[in-house]
Amino acid sequence: LLVGGAALFPAIAIGIVSIARGGYFLPVPVLLKRTQLDVFSLPAKVYYRLIDNPHVLVLFVLLLFAWRAERDDDAPEPIVRERRALSLIAIATLTLQTTFAQLGWFYRYEAYAILLGLVAVAASALAHREAVRDFAVPFLVLALPLVGRGIGAFRTTMFASENIFDQEVQMALFVRAHHDDRAVALNDIGAVAYFSNARVVDLMGLASPRIARARGMRIDGPIGEKEIEAITQDERVPIALLYEDWFGGSVPPSWRKIGSWKIADNHVCAKDTVTFYATSAIEGSILIENLRSFSAQLPASITQTKFAPR
């Protein structure tokens with residue numbers, strides 16, 4: 001209990017500070033990406049998530065075997081109790097992640113829970129070597145989805161790294177070169193926020209609470225062109241870098257589509273094409289020239305398209 005309380009203290013303290021500053025107790029990204037609590041549809045969501053992510057389902061089964069083995073173990077009680085607790089914590093963590101959070105998207109969401117589960121299974125397997133040896137073949141067959149997940153992730157990582165460099169990092173370098181001291185509207189802020197000093201306006205809402213509220217505190221909540229236009233005008237945003245498909249009819253009609261970058265062989269980016277918008281005619285002329293001058297340093301794999309401003 002003491003360790004648990006100590007672990008919760010920083011999270012509670014941050015939540016209190018956030019409320020005092022006009023925010024929310026839980027981080028905005030957690031609120032935006034939470035699973036909708038619907039007792040009727042939740043079981044079906046969990047079922048389909050496990051079908052789509054068989055490595056998670058397999059780990060559940062292995063953890064249940066591990067917990068059962070520890071329950072029947074006659075080794076000294078403190079050792080068994082520790083392994084049993086580890087198995088239960090891993091099962092609970094994976095259950096919460098699967099039920100109330102998300103799985104997938106290059107394994108980013110469940111990676112910590114998978115690691116915890118593997119540690120629990122490995123601890124139990126080492127303690128029961130003889131039993132594992134007797135059932136080695138069935139266990140290996142059962143673990144194939146986990147092995148496939150590991151091999152697939154390893155093979156794809158180098159392509160995914162190139163995707164991030166070609167899209168996210170190039171966006172950041174462009175903003176740092178031409179808008180480092182200004183506001184920029186984005187739907188994917190990570191690299192731009194890290195590599196530049198620009199003031200980011202996150203049109204998905206993860207880093208911009210006003211956008212989050214306009215979306216109804218849902219990452220996939222609708223937001224209208226008037227809300228986007230009003231917020232970006234208040235923030236004095238001159239340009240926006242967006243996945244056009246994500247916004248459909250929500251792009252303000254006053255914005256001018258100037259150009260786009262398309263990466264090749266996309267494995268990890270949400271979309272392969274980023275579109276550049278200017279929020280005014282003057283900024284459109286500047287953006288055209290900035291894209292032209294920056295194009296010389298773009299990787300050869302990027303296809304740049306220019307549009308005639310409206």
Side-chain angles (χ1 to χ4, degrees), residues 14-34 167-168 170-261 270-271 273-291 294 307 309-310:
I14 291 172
I16 293 172
V17 171
S18 177
I19 291 175
R21 295 187 175 184
Y24 301 90
F25 181 78
L26 293 175
V28 172
V30 173
L31 295 174
L32 285 173
K33 294 186 176 184
R34 71 192 187 279
Q167 185 179 97
E168 310 293 331
Q170 297 309 310
M171 290 164 56
L173 295 177
F174 175 83
V175 170
R176 187 171 69 182
H178 298 291
H179 292 271
D180 207 34
D181 57 347
R182 306 180 71 186
V184 179
L186 305 149
N187 58 232
D188 200 341
I189 69 170
V192 173
Y194 185 81
F195 288 111
S196 80
N197 294 314
R199 180 165 48 85
V200 298
V201 176
D202 183 2
L203 295 181
M204 300 309 295
L206 298 175
S208 298
R210 190 175 170 189
I211 294 287
R213 287 190 288 271
R215 287 185 175 275
M217 299 306 294
R218 299 292 304 172
I219 191 73
D220 56 354
I223 184 170
E225 60 187 45
K226 292 182 179 179
E227 287 91 345
I228 292 178
E229 187 167 37
I231 293 172
T232 53
Q233 283 180 352
D234 290 346
E235 297 289 343
R236 298 182 180 180
V237 172
I239 66 168
L241 286 66
L242 308 175
Y243 293 141
E244 189 175 19
D245 293 350
W246 280 12
F247 292 87
S250 297
V251 175
S254 61
W255 288 12
R256 290 158 170 78
K257 185 162 69 169
I258 303 300
S260 67
W261 291 345
K271 296 289 182 179
T273 303
V274 173
T275 302
F276 290 74
Y277 289 89
T279 59
S280 69
I282 294 176
E283 294 298 341
S285 299
I286 297 172
L287 181 55
I288 289 172
E289 183 55 37
N290 289 342
L291 285 171
F294 191 83
F307 302 102
R310 296 194 303 269

Derivation of the side chain to side chain contact (heavy atoms under 4.5 Å, CB included) call for Q170 and W261
CA-CA 10 Å; Q170 297 309 310; W261 291 345; 3.8 Å; yes
Take F276 and F174 through the ring pair (Phe, Tyr, Trp, His ring centres under 6.0 Å) test and state the conclusion after the steps.
CA-CA 11 Å; F276 290 74; F174 175 83; 5.4 Å; yes
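Of all heavy-atom pairs spanning A183 and R236, the tightest one is CB-O, 3.9 Å. Summarising the geometry of A172 relative to A191, their closest heavy-atom pair is CB-O, 3.4 Å, with the distance given to 0.1 Å. Scanning all heavy atoms of the two residues, the minimum distance from V237 to A185 falls at CG1-N, 3.6 Å. The shortest heavy-atom contact between H179 and A198 is O-CB, 3.5 Å. Considering all non-hydrogen atoms of both residues, R218 and L32 come closest at N-CD2, 3.4 Å.
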Could you list the donor-acceptor pairs under 3.5 angstrom formed by side chains in residues 17-24, with sequence neighbours left out?
residue, atom, partner, partner atom, Å
S18, OG, Y24, N, 3.2
S18, OG, Y24, O, 2.6

Which pairs of donor and acceptor atoms, one on a side chain in residues 244-251, lie under 3.5 Å apart (sequence neighbours left out)?
residue, atom, partner, partner atom, Å
E244, OE2, K257, NZ, 3.2
E244, OE2, Y277, OH, 3.1
S250, OG, I223, O, 2.6
S250, OG, F247, O, 3.3

Would you tabulate the side-chain donor-acceptor contacts of residues 199-207 under 3.5 Å, counting partners in other chains and residues two or more places apart, or write 'none'?
residue, atom, partner, partner atom, Å
R199, NH1, E235, O, 3.4
R199, NH1, E235, OE1, 2.6
R199, NH2, E235, O, 3.1
D202, OD1, M204, N, 3.0
D202, OD2, L206, N, 2.9
D202, OD2, A207, N, 3.0

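A salt bridge is absent between R215 and D220; no separation between the charged side-chain nitrogens and carboxylate oxygens falls under 4.0 Å.
Residues H178 and F294 are in side-chain contact: their nearest non-hydrogen atoms beyond the backbone lie under 4.5 Å apart. The side-chain heavy atoms of L241 and V184, taken from C-beta on, include a pair separated by under 4.5 Å. Counting heavy atoms from C-beta outward, E168 and D188 have side chains that approach closer than 4.5 Å. E229 is not listed as a side-chain neighbour of K226, based on a closest heavy-atom distance of 4.5 Å or more.
Proximity of a side-chain donor or acceptor of R256 to a complementary backbone N or O of S254 within less than 3.5 Å is detected. Side-chain N or O atoms of S208 include none that pairs as donor or acceptor with a backbone N or O of I211 at under 3.5 Å. Between the side chain of S196 and the backbone N or O of D180, no donor-acceptor pair lies under 3.5 Å. E227 contributes a side-chain N or O that, together with a main-chain N or O of G224, makes up a donor-acceptor pair within less than 3.5 Å. Between the side chain of T279 and the backbone N or O of W255, no donor-acceptor pair lies under 3.5 Å.
Rounded to the nearest 0.5 angstrom, R210 CZ and I231 CD1 are separated by 4.5 Å. Taken from CG in L31 to CG in L26, the straight-line distance is 5.0 Å, to the nearest 0.5 Å. Remark: L291 CG to S260 OG distance equals 9.5 Å, nearest 0.5 Å. Within the model, atoms CD of E283 and CG of N290 stand 9.0 Å from one another, a figure rounded to the nearest 0.5 Å. In this structure, CZ in F195 is found 7.5 Å from CG in L173, a value given to the nearest 0.5 Å.
Crowding of R213 atom CZ: a count of heavy atoms from other residues, nucleotides or ligands under 6.0 Å exceeding 12.
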